[in-house]
2 protein chains.
Amino acid sequence: MRGYDKYAFEPFAVTVDLAVFTVRAGELQVLLVERGQAPYAGRWALPGGFVLPHESAETAARRELAEETGIVDVSGLHLEQLRTYSEPGRDPRMRVVSVAFTALVPDLPEPRGGGDAAQARWLPYGGAGALAFDHDRILADARERVGAKLEYTCLATSFCPPEFTLGELQQIYETVWGTALDRPNFRRKVLATPGFVEPVPGAARLTGGRGKPAALYRAGAATTLHPPLLRPEGRSS
Amino acid sequence: MRGYDKYAFEPFAVTVDLAVFTVRAGELQVLLVERGQAPYAGRWALPGGFVLPHESAETAARRELAEETGIVDVSGLHLEQLRTYSEPGRDPRMRVVSVAFTALVPDLPEPRGGGDAAQARWLPYGGAGALAFDHDRILADARERVGAKLEYTCLATSFCPPEFTLGELQQIYETVWGTALDRPNFRRKVLATPGFVEPVPGAARLTGGRGKPAALYRAGAATTLHPPLLRPEGRSS
DNA sequence: GCTGTTTATAGTCATTACGACTATTAAGGA
DNA sequence: TCCTTAATAGTCGTAATGACTATAAACAGC
């Protein structure tokens, strides 16, 4: 049925929705905006907006990410298409097809509302009540995808600042997966994977915590983990 | 920027594109249609079409799959959303956002053209020249996705008929990955994964080939492989 | 029939990866 | 100075895997 003149077609509105994750205070947090008007007034929703005529969905998503987080240079952040949600009734006002994206940001850049009505805020995953539209579903899908990708990619470093300790990296895994990991085993695995992390030439974090100071690492050149770092018990969270 | 009355939006056409794979004669084959009109007249393209007003993209994809393959009961086939392609120039005529799907079908139901102008045909992967639009890209993405999913899911059985031998299952892996696998090791791995395959009560294929008859299996209840069945050498194809 | 080819299936063996630990080291705080 | 805390080092047994060799059961051809 590829013949544009043979069948009529209905134009749809196309939007992007963003599931932006960060790990702060040992907690998985999500960037959300509060809706000011119906439908779902007062409910939290994923940030997003229309794809403009000259944009691809990826471009629109990156633009929205910059607008909502207030981060100026958004080019280094991990942004990845999740999937497209197109159920006919997902927006009660009109037919909206939404391309959802997942983004991972390193630390806690408290969002600067980018001239928009609704202010974006970090909220704990699951701590915002029922979200607007089908955003609970999107957010759950995004979390599952992130958890799965931690197993076989080096994606976890996207949550970390440029220099980090192995303890911080481990906490990313523990927070996203919701499980505790054995510290020596985690360390052995990470260091045995070539290109996952590389040591910062001559440094050890000293003044921070109260234990033995930890060595600093930065992200390496590898993107995939072979063999993968599987979460315990098969499935979790 | 979630405020529909604040910004204008451009309506887009929304289509689905299908990358339908099968393994036949030890070869990975793809369902393609020949374009009869400009643009890309005479070139091969992925089957697909518009999402109708009352449909989700998944519904439209399944409808197209039934139309193009001629398979009556399409409900058991594996159909999965791949990703959405939305580059502004991807269709020279108009702004089209396309949700791509990947389908795996078991055997060789030679397609019955479903009342459509262009007849769908099975062609070897890579053997159809340059495809229309950005379909080369979509098809490559789909193949990579399928190859990756074979590693950690039981998806390979979707390529097989209801009852199959372990040799046939192994050939699925070898064909999709483009690598040879050690037969005893493959067999050990598959049988050691509970729920991947289960033996057919009392049967062994006899008359078929020229070697020792192989036992028949059918797909089990499991959907994921723990631990995964990694393809050799990390990346391939 | 016998023989050889072909393919399925059974098993071996060494290496690696991994989960569950224990031990040591280097800080800060009381 | 001692205690607590956290990082790092190392051990040990088991599971998983890659690379094999061996046997069994069919058919083709002579």
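The structure presented is a predicted model; accordingly, all values stated were derived computationally and were not measured. Each chain gets a letter, A, B and so on, in the order the sequences are listed, and its residues count up from 1.
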Report, one pair per line, the protein and nucleotides 1-4 of chain C atoms (nitrogen or oxygen only) whose separation is under 3.5 Å.
none

Residues in side chain to side chain contact (heavy atoms under 4.5 Å, CB included) contact with [X], at least two apart in sequence or another chain:
| X | answer |
| --- | --- |
| B:A100 | B:L82, B:Y85, B:I138 |
| A:P162 | none |
| B:A219 | B:T157 |

[atom1] of [X] versus [atom2] of [N]: gap in Å, rounded?
| X | N | atom1 | atom2 | result |
| --- | --- | --- | --- | --- |
| A:L230 | C:dT16 | CG | C1' | 15 Å |
| B:F196 | D:dA16 | CZ | P | 16 Å |
| B:F186 | C:dA10 | CZ | P | 15 Å |
| B:E151 | D:dT17 | CD | P | 12 Å |

Margin query: Measuring to OP1 and OP2 of C:dA17, would you say a side-chain N or O of A:K189 lies under 4.0 angstrom away?
Written below: no

Check: With sequence neighbours left out, which residue pairs that include part of residues 74-86 of chain B fulfil the salt bridge (Lys or Arg N to Asp or Glu O under 4.0 Å) condition?
Finding: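 Output for this query lists A:E58-B:R83, B:E80-B:R145, B:E80-B:K149.
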
Next item on the list: With sequence neighbours excluded, tell me which residues meet side-chain hydrogen bond (donor to acceptor under 3.5 Å, both in side chains) with A:R188.
Entry: A:N185

Notebook entry, point to check: Excluding sequence neighbours, so at least two apart, what forms side-chain hydrogen bond (donor to acceptor under 3.5 Å, both in side chains) with A:E87?
Noted result: none

Notebook entry, point to check: Reading nucleotides 6-15 of chain D 5' to 3', which nucleotides get B (base under 4.0 Å from a protein heavy atom), which S (sugar-phosphate only), which -?
Noted result: BBBBBB----

Notebook entry, point to check: Should the ring pair B:Y173 and B:F186 be called parallel, tilted or perpendicular, given that the plane angle runs from 0 to 90° and is split at 30 and 60?
Noted result: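 Plane angle over 60°, so perpendicular.
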
Check: Partners of B:R218 by salt bridge (charged side-chain N to carboxylate O under 4.0 Å, His left out), sequence neighbours excluded?
Finding: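 In terms of salt bridge (charged side-chain N to carboxylate O under 4.0 Å, His left out), with neighbours along the sequence ignored, B:R218 is linked to B:E163.
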
